2 protein chains.
Amino acid sequence: MTAKGEHGDRASTICRAIRRAILERALSPGDKLPEDQLGERFGVSRTIARHALGQLASEGLVELRRNRIAVVATPSFEEARDEFDIRIELERLVVRALCGRLSPRQVEELNAHTLEEERARDGSEVVSLRLATEFHVRLAEMTGKPTLLRYVRETAYRSCLSLSTFGRPHSSDCAIAEHREVIDALVAGDEKRAMNVMAGHLDQVARRALLQAPEPRGDLMDILAPYAIPNAPSPRRTKRRT
Amino acid sequence: MTAKGEHGDRASTICRAIRRAILERALSPGDKLPEDQLGERFGVSRTIARHALGQLASEGLVELRRNRIAVVATPSFEEARDEFDIRIELERLVVRALCGRLSPRQVEELNAHTLEEERARDGSEVVSLRLATEFHVRLAEMTGKPTLLRYVRETAYRSCLSLSTFGRPHSSDCAIAEHREVIDALVAGDEKRAMNVMAGHLDQVARRALLQAPEPRGDLMDILAPYAIPNAPSPRRTKRRT
DNA sequence: CACACATGAACTGCATGCACTTTCTGTGAC
DNA sequence: GTCACAGAAAGTGCATGCAGTTCATGTGTG
């Protein structure tokens, strides 16, 4: 069981922190992650920070280029779309594995989760997005299948990253209802329906976010035009550290 | 300025070597991979070897336990079965992406590959297995989708590992025919057929290898019985290093 | 003869240091 | 004022050393 193997591993602590920061959009694509500052912040040496960055890179959340500062990954539109295709198939496997096999305790936990999502609906959008993502990861955990969990987790987190770039505001209303529907189908043991509901849900999420290619982006100069006005606000917040 | 040739990360050189060794069964599940010996063998420090092992661990090919020597992963039977389920869906995505979109050059390359498989049919089984696996990886590469490639590669390699443990002798005859059939369907642009052929092929591979749970393994003593005969050959080759 | 135990070898976990590369900044030429 | 460029500052790539853990071998005891 991979889940509880609390290695006390300090590298994975850093990984978790960064993953969560990405999930909550505290970190955005392109943000720099210098290994020494990272190490300093977490009270470990660069060696550990470096290891963590390597791990995150292998998950596709961070980009490593030789001799350059690591940055949060910037998925392209095509990658985002492909990611969702993969994710849909993976999560169909998840519900197939879980269908009719959830313990009462697990059902209870999932219901509690949707309640929390409900509660967060009017709160910060960031929390909604995190909870929505965690719902999918929790499901994958329940399968007890390590590889499936790993892939679902990775694609889910990366989807989140893509949404940072391409997503319009996340409308959580229907998402919560869809989560409930998934639970219903799972409890009912209706495999076909569960798989369809899940696939439909993810397709909806993708559509809401990635309906079409990012603005054609005709000419760089046109994009910059509005910013040419003297007192306009700065186009992008300045890059932060760590 | 350093020689440009060595841009190729030295860690990934080690990774490739180990992956290939696994593919060719030079390394079997459970084999030890001490980082210092690894480093020595490849002319690098433990730091690099360690990094490589971390990478391989994240791919599921190596198991890392704290304070213990890294070992080649030992997938359980259930994991192997689950792995194939995932792999089937992933490779369905691969053929869907490629269907009717292969360039003549790519078709040429795939045909050449099956020819090579044909040629290797009577040779070492190890080579057949490697070629068969590489066929699937080549297909995934042709999609140009990085995540899909990564997951297909990982599951393919791990399948190979599972086969080391559970597989009966690999009968490559039908596998080659099935590969050809996949190419045919892709060229014909028949998406449904291509996906079905690929899924069927992988299902066959899984069935041939994992038809049922590993021998019930009734009693350890029974298993050892044949080896109790004085002059019998050693039950398992002794563990090597590196 | 079997078995518990102690002792040293082997190995990992991690920090640190040095060499090299990239990035930033300030200075001088035009 | 602008551009080019040199030098400093910041950062990465990697090896190595030390401390702590695990593993293996041999020794003594019942």
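Everything numeric here is computed off the predicted structure, so don't read it as measured data.
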Taking CG from Leu64(A) and C1' from dT21(C), how many angstroms apart are they, rounded to a whole number?
16 Å

Is the distance from OP1 or OP2 of dT21(C) to the nearest side-chain N or O of Arg68(A) less than 4.0 Å?
no

Just the rounded figure in Å: distance from C1' of dC14(C) to CD1 of Ile14(A).
12 Å

Would you say Thr47(B) places a side-chain N or O within less than 4.0 Å of OP1 or OP2 belonging to dC14(D)?
no

Are any side-chain N or O atoms of Thr143(A) and backbone N or O atoms of Leu139(A), one a donor and one an acceptor, separated by less than 3.5 Å?
no

What residues form a salt bridge (Lys or Arg N to Asp or Glu O under 4.0 Å) with Glu59(B), not counting sequence neighbours?
Arg19(B)

Can you give each donor-acceptor pair under 3.5 Å made by side-chain atoms of residues 47-54 of chain B, sequence neighbours left out, with the distance rounded to 0.1 Å?
residue, atom, partner, partner atom, Å
Thr47(B), OG1, Ser45(B), OG, 3.4
Arg50(B), NH1, Glu35(B), OE1, 3.1
Arg50(B), NH1, Glu35(B), OE2, 3.2

Could you give the CD-to-P distance, from Glu35(B) to dC14(C), as a whole number of Å?
11 Å

Atom-pair distance (CG on Asp36(B); P on dA10(C)), nearest Å:
10 Å

List, with names and distances, any nitrogen or oxygen atoms from the protein found under 3.5 Å away from nitrogen or oxygen atoms belonging to nucleotides 17-20 of chain D.
residue, atom, partner, partner atom, Å
dG17(D), O6, Arg46(B), NH2, 3.1

Heavy-atom count around Glu40(B) CD within 6.0 Å, excluding the residue itself: above 12?
no

Near-strand residues of residues 51-61 of chain B, defined as heavy-atom separation under 4.0 angstrom from DNA chain C:
none

Rounded to the nearest Å, what distance is computed from the CZ atom of residue Phe42(B) to the P atom of nucleotide dC14(D)?
15 Å

Go through the structure and list residues passing salt bridge (Lys or Arg N to Asp or Glu O under 4.0 Å) with Glu89(A), not counting sequence neighbours.
Arg92(A)

To the nearest 0.5 Å, atom CG of Leu64(B) lies from atom CD1 of Ile69(B) at 11.5 Å

If you pin Arg65(A) and Val44(A) to their nearest nucleotides in DNA chain C, which one's is more 5'?
Val44(A)

Grab the CG-P distance between Leu33(B) and dA10(C) for me, whole Å please.
19 Å

Rounded to whole Å, please give me the gap between CZ in Arg50(B) and P in dC11(C).
14 Å

Strictly below 4.0 Å, N to O, side chains only: are Glu154(B) and Arg150(B) in salt-bridge contact?
yes

Is any side-chain nitrogen or oxygen of Arg66(A) closer than 4.0 Å to OP1 or OP2 of dC14(D)?
yes

Show me the pairs that pass ring-ring contact (aromatic ring centres under 6.0 Å, His included) and involve residues 139-163 of chain B, at least two apart or across chains.
Tyr151(A)-Tyr151(B)

Could you state the CD-C1' distance from Gln37(B) to dA9(C), rounded to the nearest angstrom?
13 Å

Residue Pro34(B), side-chain heavy atoms: nucleotide from dC14(C), dT16(D), dC11(C) that is nearest
dC11(C)

N-O pairing of Arg87(A) and Glu83(A) below 4.0 Å:
no

